[in-house]
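Structure first, then comments.
Predicted model, so just to flag it, every value in this text is computed and none were measured.
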Amino acid sequence: MRAAVRSSSAALNSKDGFMRASNVNANDTEACEAREEIYRDLVDTLFGTPGSFAAGLVGGLIAPVSAWLMTGREVYVVLTIVMMCFAAYRLYVLYSHTMTPRDIRRRDAQLWEIRYGIGGVGFMTAVGVSVAILFSVPSRDWLELGWRSLRGAEPG
C-alpha cells in the first residue's frame, strides 16, 4: 500500500521518484505575490490624496513662518527655506509619480516609497526643529512675543 501511494505521488510530483511539496511551494508563491501586490497598492495610496498632501505642505510652513514673525530670528528664515526645498522635492516626486505609467510605478514601488519618505521625513524634521527652537524660549517670553506680534509691535 505504501509503495502504491509513493509511486502515485511521485508520478504527480516528480520524475525522479522523490516526493516534492509542490502544493506548499505554490501556496508560498501565491502568498508572496499577494503580499507584493498589497505592498504596491499601499505605496500607491501614499500619492492618492494630493489635496491633503498640499495642505500638509502649507500647514507645515505655518510653524517656522509664525515663529519668524514672532521672534525676528533668522534661524526661522533658514528653516523655512529648507522646508520649501523639501516641499519642492515632494511636489516633484508627486508629479513624477503621477506622470509615470502605472505598471512602471508598481514595478518600482520600493523606490517610490523611499522618495516619498525622504521628502516627508526631511520636511517634518524641519517642522520639529523650528518648534523645538521656538519652545526653547521661556514660556513667558514666548507669550509676550506672540502678544507683540498680534499687536504689530516689533519683536525683541
Side-chain angles (χ1 to χ4, degrees), residues 5-137 139 142 145-146 149-150 155:
V5 170
R6 184 175 183 271
S7 65
S8 65
S9 295
L12 292 174
N13 293 324
S14 83
K15 294 180 182 176
D16 59 6
F18 293 104
M19 292 181 56
R20 305 257 191 267
S22 60
N23 289 340
V24 173
N25 290 339
N27 290 338
D28 286 348
T29 301
E30 289 173 12
C32 184
E33 288 173 1
R35 281 192 299 271
E36 289 176 12
E37 192 66 21
I38 291 168
Y39 172 74
R40 290 182 187 112
D41 289 341
L42 288 172
V43 171
D44 263 351
T45 64
L46 293 173
F47 298 93
T49 53
S52 62
F53 185 84
L57 294 177
V58 172
L61 288 168
I62 291 172
V65 170
S66 60
W68 174 65
L69 292 173
M70 286 191 286
T71 66
R73 294 176 66 189
E74 286 130 11
V75 67
Y76 296 113
V77 174
V78 172
L79 286 166
T80 301
I81 292 168
V82 168
M83 288 177 65
M84 291 175 84
C85 291
F86 275 112
Y89 171 77
R90 293 183 79 194
L91 290 171
Y92 169 75
V93 170
L94 176 64
Y95 176 77
S96 297
H97 184 268
T98 304
M99 299 309 291
T100 302
R102 187 173 191 269
D103 59 327
I104 295 172
R105 285 193 325 238
R106 293 182 70 75
R107 182 194 69 204
D108 298 338
Q110 187 175 18
L111 289 174
W112 289 109
E113 181 186 23
I114 290 168
R115 292 171 183 149
Y116 186 92
I118 289 169
V121 169
F123 186 84
M124 293 313 296
T125 299
V127 170
V129 168
S130 67
V131 171
I133 293 170
L134 181 63
F135 284 113
S136 69
V137 175
S139 61
W142 184 81
L145 290 170
S149 295
L150 289 174

Euclidean distance, Ser130 OG relative to Ile62 CD1, rounded to 0.5 Å:
11.5 Å
Quick one: list whatever passes side-chain hydrogen bond (donor to acceptor under 3.5 Å, both in side chains) with Arg106, sequence neighbours left out.
Glu37, Asp41, Asp44
So, taking the atom named CD in Glu36 and the one named CZ in Arg107, what distance separates them when rounded to the nearest 0.5 Å?
14.0 Å
Do Ile133 and Leu79 touch side chain to side chain, with heavy atoms closer than 4.5 Å?
yes
Main chain of Met70, side chain of Tyr76: is a donor-acceptor contact present, judged purely on distance under 3.5 Å?
no
For Ile81 and Val77: C-alpha separation, side-chain torsions, deciding distance, then whether side-chain contact (heavy atoms from CB on, under 4.5 Å) applies.
CA-CA 6 Å; Ile81 292 168; Val77 174; 4.0 Å; yes
Sub-3.5 Å donor-acceptor pair from the side chain of Thr45 to the main-chain atoms of Leu42, do we have one?
yes
Value rounded to 0.5 Å, distance of CG in Leu94 from OG1 in Thr98:
4.5 Å
Over all atoms of both residues, closest heavy-atom pair of Pro64 and Met83:
CG-SD, 3.5 Å
Acceptor/donor pairs from residues 108-127 side chains to any protein atom, 3.5 angstrom cut, sequence neighbours excluded:
| residue | atom | partner | partner atom | Å |
| --- | --- | --- | --- | --- |
| Glu113 | OE1 | Tyr39 | OH | 2.4 |
| Thr125 | OG1 | Val121 | O | 2.6 |

Nearest 0.5 angstrom please: Met84 CE to Arg90 CZ, how far?
14.5 Å
Just do the side-chain contact (heavy atoms from CB on, under 4.5 Å) check on Leu46 and Phe53 with the steps written out, would you?
CA-CA 9 Å; Leu46 293 173; Phe53 185 84; over 6 Å; no
Taking side-chain hydrogen bond (donor to acceptor under 3.5 Å, both in side chains) as the definition, give me every residue that meets it alongside Thr49, ordered by chain and number, with sequence neighbours left out.
Ser52
